Amino acid sequence: MASTQGAEVLVASNRGPVSYEVGEDGALSSKRGGGGLVSGLSAIGPDTDAVWVCAALGDGDREAVARAGGGLLPEADTGGQRVRMLDIDAATHADAYNGIANSVLWFVHHMLYQTPLEPVFDAEFRRKWAAYEAYNRAFAEALAEEAAEGAAVLIQDYHLALAPRMLRRLRPDLRIGHFSHTPWAPPEYFRLLPDDIAAELLTGILGADRAAFLTRRWADAFTACCHAVLGPGIPSGTRVGVHGLGADADFLRERAHRADVDERMVALREEIGAGRRTVVRVDRTELSKNIVRGLLAYRHLLAERPEWREKVVHVAFAYPSRQDLAVYRDYTAEVQRVADEINSAFGTPGWTPVVLHVKDDFARSLAAYRLADVALVNPIRDGMNLVAKEVPVVSDEGCVLVLSREAGAYEELSEDAVPVNPYDIVGTADALHAALGVPPEERAERTKRLAAAATALPPARWFLDQLEELRG
């Protein structure tokens, strides 16, 4: 199946670098995305023949695929990148993406299950697992078709854990890498999965020449799972590596000083009130981000340390995520309920203790980063957490980072952060109190060191390092 004129470098991910919408007049419009993969792929240079394989995620994407005849999308829409978008059956994609990737694999790796009641691996789970296999097979077949002899293929994340082995069977000539952007569960938790499924996931990734992770902790957990489930040793000879992902300093600093961000800063200052300190968080309402416990810690701070009342505002941006899943809708509602409860209990005519925004607005997020005195990043578990790295990069006056020890970023930032156990409400409240009390000059020095650590591995370097290791 080797292509005589295929791509030298291929990236595969569920979400691609472009999305489409169909207008009322039937015209297609495209919107290009950002992120580390987009930055990384652009770093290889225009002379490298590269293709990005991704899934069609909506009606607009599916229409774009149809108009392209199932082949590469028009480069005028994709920022010059060659993109092949796969029109996988919508029901198959839903079962694979929501039924398995987001409702099982994400929950396992982030250790989110309420184990007295869940998980339940029944016949319905097996049906959805078959869809996950079909979804991965579609990617493997497309990559096999698009790749030149000996090409390098970088497969991304838990959505595509089976694809490396499937692709290896189709194209043994390829150099295949798999990168996990999430944590990896320890063996005792990973083995909640049925034994055959656990083995299939591991051997799927072990089809790659190289399996890479954001931190040494997650890489070691993967290796431990292989030993526990498959037996001692890595049977395929797969190399395991670590590539931390840093913030894109140049982009963030430029973007954070555009006019729309300045406008958002003016509006936020009005909401906060003159002279008040700020505790900022910016997250999706993802269960692992631990937004509710962060709000409860702030409530405890106000209750137990009344000297902070009317002197601090919690600026909380909680952008809805995965609202097609009931558990996420319920969590989003709980975030709103707790924020309203705090404002009702402690608010005064001139002071709103929690300023909560739920509509995604990147410019407003950057404005909050610049205004933050304290950044609260307290996930239950997180592969990396780029917010922890982005805030110090763009902070105007310096901020203190209150950081969960369960975030991947903790490995790189812990020396200059205030650490917290994400389950400890009282401990997090104490950490907020300590952070708010850090003198401005110390805050500024901490921020400089945090920013240096946060930008040590920019997205382009992260991508190129993986490519060089794979080719080596």
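Please read all numbers here as calculations on a predicted model, not as lab measurements.
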May I ask you to check whether [X] and [Y] show a side-chain donor-acceptor distance below 3.5 Å?
{"X": "Trp218", "Y": "Thr182", "value": "no"}
{"X": "Glu286", "Y": "Tyr331", "value": "no"}
{"X": "His93", "Y": "Asn14", "value": "yes"}

Mark yes or no for whether [X], through its side chain, and [Y], through its backbone, hold a donor-acceptor pair below 3.5 Å.
{"X": "Asp373", "Y": "Thr278", "value": "yes"}
{"X": "His109", "Y": "Ala185", "value": "yes"}
{"X": "Glu118", "Y": "Gln114", "value": "yes"}
{"X": "Ser344", "Y": "Asp340", "value": "no"}
{"X": "Ser321", "Y": "Thr285", "value": "no"}
{"X": "Arg253", "Y": "Val393", "value": "yes"}
{"X": "Arg443", "Y": "Gly398", "value": "yes"}
{"X": "Gln466", "Y": "Trp462", "value": "yes"}
{"X": "His178", "Y": "Asp157", "value": "yes"}

salt_bridge([X], [Y]) N-O dist < 4.0 Å:
{"X": "Asp382", "Y": "Lys289", "value": "yes"}
{"X": "Arg175", "Y": "Glu469", "value": "no"}
{"X": "Arg84", "Y": "Glu146", "value": "yes"}
{"X": "Arg217", "Y": "Glu406", "value": "yes"}
{"X": "Arg446", "Y": "Asp416", "value": "no"}
{"X": "Arg305", "Y": "Asp430", "value": "yes"}
{"X": "Arg15", "Y": "Asp61", "value": "no"}

If I compare all heavy atoms of [X] with all of [Y], which pair ends up nearest, and what's the gap?
{"X": "Val391", "Y": "Ala372", "answer": "CG1-CB, 4.3 Å"}
{"X": "Asn136", "Y": "Ala163", "answer": "OD1-N, 3.0 Å"}
{"X": "Leu470", "Y": "Arg210", "answer": "CD1-CB, 4.2 Å"}
{"X": "Ser30", "Y": "Tyr20", "answer": "CB-CE2, 3.7 Å"}
{"X": "Ala56", "Y": "Arg62", "answer": "O-NH2, 3.8 Å"}
{"X": "Ala297", "Y": "Ala429", "answer": "O-CB, 3.3 Å"}

Once the angle between the rings of [X] and [Y] is folded into 0 to 90°, is it parallel (under 30°), tilted (30 to 60°) or perpendicular (over 60°)?
{"X": "Phe222", "Y": "Phe213", "value": "tilted"}
{"X": "Trp106", "Y": "Tyr158", "value": "tilted"}
{"X": "Tyr113", "Y": "Phe107", "value": "tilted"}

So do the side chains of [X] and [Y] get within less than 4.5 Å of each other, counting heavy atoms only?
{"X": "Val354", "Y": "Val338", "answer": "no"}
{"X": "Arg191", "Y": "Val229", "answer": "yes"}
{"X": "Val11", "Y": "Phe463", "answer": "yes"}
{"X": "Leu356", "Y": "Val335", "answer": "yes"}
{"X": "Phe317", "Y": "Asp361", "answer": "no"}
{"X": "Tyr410", "Y": "Thr215", "answer": "no"}
{"X": "Ile100", "Y": "Glu133", "answer": "no"}
{"X": "Cys225", "Y": "Leu202", "answer": "yes"}

Assess whether atom [atom1] of [X] is packed by more than 12 heavy atoms of other residues, nucleotides or ligands within 6.0 Å.
{"X": "Glu21", "atom1": "CD", "value": "no"}
{"X": "Glu188", "atom1": "CD", "value": "yes"}
{"X": "Arg277", "atom1": "CZ", "value": "yes"}
{"X": "Asp59", "atom1": "CG", "value": "no"}
{"X": "Asp89", "atom1": "CG", "value": "yes"}
{"X": "Glu468", "atom1": "CD", "value": "yes"}

Rounded distance [0.5 Å steps], [atom1] in [X] versus [atom2] in [Y]:
{"X": "Arg281", "Y": "Leu295", "atom1": "CZ", "atom2": "CG", "result": "7.0 Å"}
{"X": "Thr115", "Y": "Tyr189", "atom1": "OG1", "atom2": "OH", "result": "6.5 Å"}
{"X": "Thr238", "Y": "Ile176", "atom1": "OG1", "atom2": "CD1", "result": "9.5 Å"}
{"X": "Asp209", "Y": "Arg168", "atom1": "CG", "atom2": "CZ", "result": "4.0 Å"}
{"X": "Asp424", "Y": "Asn378", "atom1": "CG", "atom2": "CG", "result": "11.0 Å"}
{"X": "Leu457", "Y": "Met384", "atom1": "CG", "atom2": "CE", "result": "8.0 Å"}

* Asked: Between Cys226 and Leu206, is a side-chain contact (heavy atoms from CB on, under 4.5 Å) present by the stated rule, with each step listed?
  -> CA-CA 9 Å; Cys226 290; Leu206 292 174; 4.0 Å; yes
* Steps toward side-chain contact (heavy atoms from CB on, under 4.5 Å) verdict (Trp52, Thr78) -> CA-CA 10 Å; Trp52 191 320; Thr78 62; over 6 Å; no
* **Test log, rule side-chain contact (heavy atoms from CB on, under 4.5 Å), inputs Leu193 and Val108** => CA-CA 8 Å; Leu193 292 165; Val108 167; 4.1 Å; yes
